[in-house]
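Report on one structure; see the data block that follows.
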Amino acid sequence: MTTDHPPYYITTPIYYVNDRPHIGHCYTTLVADVAARGQRLLGRDVFFLTGTDEHAEKVVTTAKDRGLTPMQWATTNAERFKSAFAFMNFSNDDFIRTTEDRHKSRASAYIQRLVDSGDIELGDYEGWWDGSQEEYLTETVAKEHNYKSPVTGKPLEKRVEQNYFFRLDKHEAWLKEQIQSDAIRVLPEARKNEILGRINTGLQRVPVSRRIKPGDPDWGVVMPNDPEHRVYVWIEALCNYLTTVDTPDRRKYWHAPVHLMAKDIVWFHAVIWPAMLHALGEKPPAVVYAHAYWIAEGQKMSKSLGNFIEIDTLRAYADKYSLDSVRWFLTTQGPLGANDADFAHARFVDVYNADLANSVGNSASRVGNMVDKYFEGTLPRTCDGTFGFEGGKALQLALKARDDAGKPVDVPGRTFDFPTLTTDAVANFTKSLDTVDLESAMNEGLRIVRTVDDFITYSAPFTLAKRIGDLEHAEKALATILYSCAEALRIASLLLSPTMPDKMAALWRAWNCTHLNDPNDPNSGFVAPLAELAQWGGPHGFQAGSRVSKGEVLFMRADPKEPAPEAAAV
Ligand code: MSP
């Protein structure tokens with residue numbers, strides 16, 4: 001199902017194959033996954049890309065140390081990323097490896113076009129080479145870090161060579177205007193200001209090639225006009241975003257690309273890549289979103305501390321608390337804004353209990369159990385949900401029953417208008433997705449759930465149930481209340497589904513809502529756009545006679561005293 005919205009294209013960085021997949025890689029890819037699933041739910045034709053960056057020099061040296069060819073080593077690790085991402089239930093539409101011909105041949109063609117247009121030219125280069133990061137640093141940056149790599153602390157190497165340069169300087173005014181005006185939206189705002197500040201210090205041409213030395217392995221993309229040079233890996237890697245969709249059937253996705261990454265590599269994505277695209281006559285990205293970092297139990301993750309939260313740790317958490325709860329925690333508590341976020345077990349358990357066990361899971365099971373107990377699993381009637389007329393009467397009766405039972409509940413008098421609440425939630429969710437503000441998008445679903453909880457506490461349907469037989473209309477009132485709870489939760493479950501696709505699918509099975517989503521195509525098989533699916537009592541909503549069963553417990557309460565799950569020793 002697709003609508004007439006323009007196609008949506010979202011990408012993650014392509015990850016170095018020398019690293020094992022860890023929380024950082026999984027996080028950015030999860031953000032892209034949730035955004036992609038959210039956009040598919042809105043009815044858009046989505047293309048979500050991730051992959052691996054394989055032409056780094058380090059791949060060659062590590063492979064050699066291990067007695068492997070660079071390709072064997074790259075393949076082993078690309079497979080690790082693929083299996084980690086499959087485990088995380090990511091719905092990427094493709095996985096690009098830069099060693100694939102489809103990438104290499106097109107990247108090479110773009111470079112040729114840039115040479116032809118005069119945007120890439122030959123010149124002398126003298127600079128500080130950070131071999132551990134595969135990049136040149138300027139004199140200022142090198143000096144600032146005592147001629148050591150700012151990332152790994154390894155000594156920098158002075159290199160003078162004839163190089164090809166990309167004339168980034170030619171695009172300075174254009175870039176400034178694009179970023180300032182949000183034509184290229186650099187998010188969050190703090191990153192935009194940083195980038196503009198740096199552009200204002202003036203842009204210089206950037207080296208885009210290295211001379212091939214005798215004995216160098218055949219690894220990477222050769223300059224198409226000059227076989228003595230190899231294209232610098234960063235420049236070639238950036239091209240992946242376009243190479244993957246540069247085919248007749250996928251070209252439509254190059255419409256308003258959304259690039260995600262962490263703040264470490266925002267310069268490449270917000271400045272160099274858009275300028276390259278401009279020189280190529282291609283559309284620049286619409287959004288460049290650079291989030292902050294995960295840290296682990298209060299400490300920066302580093303190789304020397306050996307405290308990376310690896311995929312195996314996430315697997316251990318998923319075994320214990322479910323994969324969807326890991327996805328929920330990472331999505332809602334992650335460093336999407338400008339500040340770093342801490343992955344700490346105690347925090348995980350707090351959020352799990354508060355949002356999932358005690359809210360989403362508890363609400364669904366309360367409502368499912370009541371429908372099962374009082375109406376044998378069938379919703380007998382609908383309700384306009386506003387508690388204006390029918391519902392108003394139902395609520396009055398409920399309150400009467402509650403008061404008669406002599407158990408006033410400590411919830412201040414309030415009005416409940418579920419259709420307005422859910423319509424607003426859908427609108428806010430949609431708006432938040434546009435700026436990849438996933439925490440806000442998810443909170444809209446949670447807001448509905450929490451209102452249902454309040455409503456149950458307020459109207460005390462279990463008390464009303466005891467009055468069936470002696471209070472007139474009590475049964476009708478109870479049915480009306482439970483319908484409203486179920487319908488509100490059904491709409492909430494749609495909004496929560498991008499983060500928790502499995503758990504919401506389990507709820508839809510129990511509540512016979514599988515018609516919302518084609519079970520053979522769980523990633524994009526919604527039968528209608530969200531606006532239609534979420535219509536209160538609409539064609540996809542609950543009707544009188546809909547069957548709602550108790551279903552499984554979605555999230556068991558977690559005991560904060562239990563130790564943190566640990567990855568099994570390898
Ligand atoms: N290969 C380049 C990217 C080329 S894109 C054309 C690269 N690869 S990387 O393997 O180092 O991945 C960096 C990215 O991994 C970050 O931008 C971010 O998306 C993710 N993360 C790595 N560590 C992270 C954290 N500690 N926290 C959050 N995300 C982090 O750079």
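Atoms within each ligand, like the ligands themselves, are counted from 1 in listed order.
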Nearest option to atom 20 (C) of ligand 1, as decided by whichever heavy atom of Gly24, Gly51, Pro13, Pro21 sits closest
Gly24

Nearest neighbour of atom 29 (N) of ligand 1 from the list Gln133, His55, His291, on a heavy-atom basis
His291

So is Lys263 in contact with ligand 1, going by heavy-atom distances below 4.0 Å?
no

Checking heavy-atom distances from atom 27 (N) of ligand 1 to each of Phe81, Trp294, Tyr27, Trp273, the winner is Trp294

Parallel, tilted or perpendicular for Tyr321 and Phe348, by the 30°/60° rule?
tilted

Decide, yes or no, whether a salt bridge links Glu57 with Arg230 under the criterion of side-chain N to carboxylate O below 4.0 Å.
no

Sidechain N-carboxylate O distance under 4.0 Å for Arg205, Glu121:
yes

With a 4.0 Å cut-off on heavy atoms, does Trp234 reach ligand 1?
yes

Table please: side-chain donor-acceptor pairs of residues 197-204 below 3.5 Å, with sequence neighbours left out.
{"residue": "Asn200", "atom": "OD1", "partner": "Lys176", "partner atom": "NZ", "Å": "3.2"}
{"residue": "Asn200", "atom": "ND2", "partner": "Leu196", "partner atom": "O", "Å": "3.2"}
{"residue": "Thr201", "atom": "OG1", "partner": "Arg198", "partner atom": "O", "Å": "2.6"}

Listed once per pair and sorted, the salt bridge (charged side-chain N to carboxylate O under 4.0 Å, His left out) pairs that draw on residues 295-305, sequence neighbours left out:
Asp19-Lys303

Which residue from Ile265, Asn18, Thr11, Ile14 reaches closest to atom 2 (C) of ligand 1 through any of its heavy atoms?
Ile14

Could you check which of Asp19, Val266, Asp53 puts a non-hydrogen atom nearest to atom 1 (N) of ligand 1?
Asp53

What protein heavy atom sits nearest atom 12 (O) of ligand 1, and how far away is it?
Tyr15 CD2, 3.5 Å

Closer than 4.0 Å to some heavy atom of Asp264 - which atoms of ligand 1 meet that?
13 (C), 16 (C), 17 (O)

Compute the ring centroids of Phe165 and Tyr125, then answer whether they are less than 6.0 Å apart.
yes

Measure the distance from atom 11 (O) of ligand 1 to every protein heavy atom, then report the residue, atom name and distance (to 0.1 Å) of the closest one.
Tyr16 CD1, 3.5 Å

Could you grab the distance from atom CG of Asn428 to atom OG of Ser440, nearest 0.5 Å is fine?
8.5 Å

Yes or no: does Tyr241 have any heavy atom under 4.0 Å from an atom of ligand 1?
yes

Taking 4.0 angstrom as the limit, do Glu282 and Arg113 come out as a salt bridge?
yes

